[in-house]
Amino acid sequence: MTKMIKVELDVENVNNDQTKYWVEEITNQYADFVVEDVNITGDKVAFSIGSPGMDDLTTDDIKFRIDEYLTMNEQPFKLKNLKVV
């Protein structure tokens, strides 16, 4: 069973289709990750992320990778806040 960690982004000017693609592309950038339960609403993007091969994955690990992904890839929204729980 894969340990899943919840990611929540508070955003502005979200484009739903492009944002869904952006979230799904995380699994291409980081092949060891899986993304589930993508939910995009007005000003929030939420999803669960985990790695089947990494039982010791922490919220800090995920936050580091999401921050890195945000830096390396243009977003189809304006990020206001990132929360990893």
Side-chain angles (χ1 to χ4, degrees):
M1 182 176 203
T2 303
K3 175 183 176 182
M4 301 301 283
I5 295 174
K6 188 79 169 175
V7 175
E8 297 176 354
L9 298 101
D10 294 323
V11 297
E12 290 179 347
N13 304 324
V14 67
N15 177 307
N16 285 14
D17 292 335
Q18 290 178 356
T19 299
K20 184 169 174 43
Y21 178 79
W22 181 88
V23 171
E24 291 171 353
E25 276 297 302
I26 293 170
T27 61
N28 290 329
Q29 183 103 22
Y30 303 103
D32 54 339
F33 284 138
V34 293
V35 172
E36 298 177 348
D37 304 322
V38 178
N39 187 11
I40 302 165
T41 57
D43 59 354
K44 187 169 294 282
V45 177
F47 56 92
S48 297
I49 189 168
S51 177
M54 298 174 68
D55 293 335
D56 60 346
L57 198 62
T58 68
T59 55
D60 288 339
D61 296 331
I62 294 297
K63 183 167 184 342
F64 175 81
R65 292 280 180 95
I66 297 298
D67 280 334
E68 180 179 64
Y69 186 70
L70 285 161
T71 300
M72 294 185 321
N73 297 278
E74 187 174 334
Q75 304 88 41
F77 50 77
K78 180 180 177 190
L79 179 66
K80 295 190 318 186
N81 187 46
L82 166 64
K83 185 164 90 173
V84 180
V85 292

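Nothing here was measured: the structure is a model prediction, and the numbers come from that model.
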Q | Phe47 side chain reached by Ile26 side chain, heavy atoms, under 4.5 Å | A | yes
Q.
Before you tell me yes or no, could you show the steps for Thr58 and Asp61 under side chain to side chain donor-acceptor pair (under 3.5 Å), namely the whole-Å CA-CA distance, both residues' side-chain angles and the distance that decides it to 0.1 Å?
A. CA-CA 5 Å; Thr58 68; Asp61 296 331; 3.1 Å; yes
Q: Among Ile, Leu, Val, Met, Phe, Trp and Tyr joined by side-chain contacts under 4.5 Å, find the other residues sharing a cluster with Val34 and list them by chain and number.
A: Met4
Q | Test ring pair (Phe, Tyr, Trp, His ring centres under 6.0 Å) applied to Tyr30 - qualifying residues, sequence neighbours left out | A | Phe33
Q.
Tell me every residue that passes side chain to side chain contact (heavy atoms under 4.5 Å, CB included) with Thr59, counting only those two or more places apart in sequence or in another chain.
A. Ile5, Val84
Q. Is it the case that one hydrophobic cluster holds both Leu79 and Val23, taking links as side-chain heavy atoms less than 4.5 Å apart, direct or via other members?
A. yes
(Q) I need the Ile40 CD1 to Thr19 OG1 distance, nearest 0.5 Å. (A) 5.0 Å
Listing, residues 71-78 side-chain donor-acceptor contacts under 3.5 Å, not counting sequence neighbours, or none:
unit_1, atom_1, unit_2, atom_2, d
Thr71, OG1, Asp67, O, 2.9
Asn73, ND2, Gln29, OE1, 3.4
Asn73, ND2, Tyr69, O, 3.1
Gln75, NE2, Leu70, O, 2.5
Gln75, NE2, Asn73, O, 2.6

Q. Partners of Glu8 by side chain to side chain contact (heavy atoms under 4.5 Å, CB included), sequence neighbours excluded?
A. Lys6, Lys44, Ala46, Lys83
**Q.** Linked, directly or transitively: Val7 and Phe64 (ILVMFWY side chains, under 4.5 Å)
**A.** no
**Q.** Pairs flagged by salt bridge (charged side-chain N to carboxylate O under 4.0 Å, His left out) wherever residues 14-26 is involved - sequence neighbours left out
**A.** Lys20-Glu24
Q) How long is the span from the OG1 atom in Thr2 to the CD atom in Glu36, to the nearest 0.5 Å? A) 7.0 Å
Q: Please check if the side chain of Ser51 supplies one atom and the backbone of Asp32 the other of a donor-acceptor pair under 3.5 Å.
A: yes
